[in-house]
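A quick write-up on the structure given underneath.
Quick note: residue numbers are just sequence positions, from 1. Values reported hereafter were calculated over all heavy atoms of this structure, with side chains retained and with hydrogens, waters and symmetry mates removed. Please read all numbers here as calculations on a predicted model, not as lab measurements.
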Amino acid sequence: VSSGRIEIWKKSINHLIEEKKIFGYGPQGDRYLLTLLAKTFLDSVWGNNSSNAIIYSSISGGVIGLISILLIYVSLFVVFLKCLIKIFMHKTEDLYLISYFSIYCYIIMRSFFENGFAVFGIDFCILIVSYYFINSRLSNISKI
């Protein structure tokens, strides 16, 4: 709260609603937009990152980016639920599945306070590996 992220999020969302950008500002568009909206030089230096995957995708990709990231989150949530059921309701002792599930949850939660996997980087690589490992583990377990 004290880092100013909530103010950055509000400023970004208000601008998105006002402008109704279909395609957004392009890669790293949050930095561009927040620099434009900054009132002082310090604002542009310290507040030039949206620090949220959904807001980042909306600014960079517009309405199309927002829809895309929401579809990604829905897909991630479905896998999350399947894995949660497998681990806690079926009492699996698969340590690999539990480990990858923990990493998966951490990366997803991190994306609410950082750009995370929305910007291609190490978070994205770890999330994709975890996602596919969990999916393959769940499909292999259900075949047995």
Side-chain angles (χ1 to χ4, degrees), residues 1-38 43-144:
V1 174
S2 65
S3 68
R5 289 182 181 178
I6 293 176
E7 289 303 315
I8 292 171
W9 296 344
K10 286 179 187 177
K11 200 182 326 181
S12 300
I13 291 169
N14 287 338
H15 185 77
L16 286 173
I17 292 170
E18 289 171 7
E19 291 295 314
K20 299 175 187 158
K21 297 280 277 181
I22 302 279
F23 296 108
Y25 291 97
Q28 302 293 325
D30 61 334
R31 294 176 188 270
Y32 172 75
L33 173 66
L34 291 170
T35 301
L36 287 178
L37 296 176
D43 280 348
S44 68
V45 171
W46 294 106
N48 70 352
N49 187 335
S50 63
S51 297
N52 182 299
I54 296 171
I55 294 173
Y56 170 77
S57 297
S58 300
I59 294 171
S60 297
V63 174
I64 294 170
L66 176 63
I67 292 169
S68 298
I69 195 74
L70 291 177
L71 289 173
I72 289 169
Y73 271 109
V74 167
S75 172
L76 294 173
F77 187 68
V78 168
V79 170
F80 170 81
L81 287 178
K82 286 180 185 177
C83 195
L84 195 66
I85 289 168
K86 188 64 183 171
I87 291 172
F88 291 105
M89 296 193 73
H90 295 228
K91 306 280 188 211
T92 185
E93 294 180 10
D94 185 350
L95 292 178
Y96 288 115
L97 181 64
I98 294 168
S99 298
Y100 273 98
F101 180 68
S102 300
I103 294 167
Y104 184 78
C105 291
Y106 174 75
I107 297 293
I108 293 171
M109 291 301 295
R110 181 175 147 77
S111 73
F112 291 112
F113 303 102
E114 291 293 334
N115 292 347
F117 64 86
V119 178
F120 185 83
I122 192 70
D123 283 5
F124 176 76
C125 295
I126 292 170
L127 181 72
I128 292 299
V129 168
S130 299
Y131 179 86
Y132 283 107
F133 181 85
I134 290 169
N135 265 337
S136 69
R137 216 51 162 187
L138 290 175
S139 64
N140 287 341
I141 291 172
S142 64
K143 290 179 184 176
I144 297 175

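- Between the CG atom in L138 and the NE2 atom in H90 there is a gap of 10.0 Å [rounded to 0.5 Å].
- Of the possible donor and acceptor atoms, one in the side chain of S136 sits under 3.5 Å from a partner among the backbone N and O of Y132.
- Crowding of Y32 atom OH: a count of heavy atoms from other residues, nucleotides or ligands under 6.0 Å not exceeding 12.
- Counting heavy atoms from C-beta outward, V79 and N135 have side chains that approach closer than 4.5 Å.
- Rounding to the nearest 0.5 Å gives a distance of 4.5 Å between CD1 of I69 and CD1 of I72.
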For this session: Could you go through the side-chain contact (heavy atoms from CB on, under 4.5 Å) check for C83 and L97 one step at a time?
Result: CA-CA 8 Å; C83 195; L97 181 64; 3.7 Å; yes

For residues 58-68, which side-chain donor-acceptor pairs fall under 3.5 Å, sequence neighbours excluded?
from: S58; atom 1: OG; to: I54; atom 2: O; distance (Å): 2.8
from: S60; atom 1: OG; to: G26; atom 2: O; distance (Å): 3.2
from: S60; atom 1: OG; to: G29; atom 2: N; distance (Å): 3.3
from: S60; atom 1: OG; to: Y56; atom 2: O; distance (Å): 3.1
from: S68; atom 1: OG; to: I64; atom 2: O; distance (Å): 2.8

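- Distance CD1/I128 to OH/Y131: 8.0 Å, rounded to 0.5 Å.
- A donor-acceptor pair under 3.5 Å links the side-chain atoms of Y104 to the main chain of L76, judged by distance alone.
- In this structure, L33 CG and I8 CD1 are separated by 11.0 Å, a value rounded to the nearest 0.5 Å.
- For the pair Q28 and R31, the tightest heavy-atom approach, listed with the atom from each and the gap, is OE1-NE, 2.9 Å.
- Side-chain contact between R137 and Y100 is absent, with no heavy atoms from C-beta onward closer than 4.5 Å.
- Between the CD1 atom of I108 and the CG atom of L127 there is a distance of 5.5 Å, given to the nearest 0.5 Å.
- Taking the six-membered ring where the residue is Trp, the centroids of Y73 and F117 are separated by under 6.0 Å.
- Ring centroids of F80 and F101 are separated by less than 6.0 Å, placing the two rings close together.
- Using a distance-only test at 3.5 Å, with no hydrogens or angles considered, no donor-acceptor pair links the side chain of N52 to the main chain of F113.
- No more than 12 heavy atoms of other residues, nucleotides or ligands shown are found within 6.0 angstrom of CZ on F77.
- Here CH2 of W9 is found 13.0 Å from CG of D30. Values are rounded to the nearest 0.5 Å.
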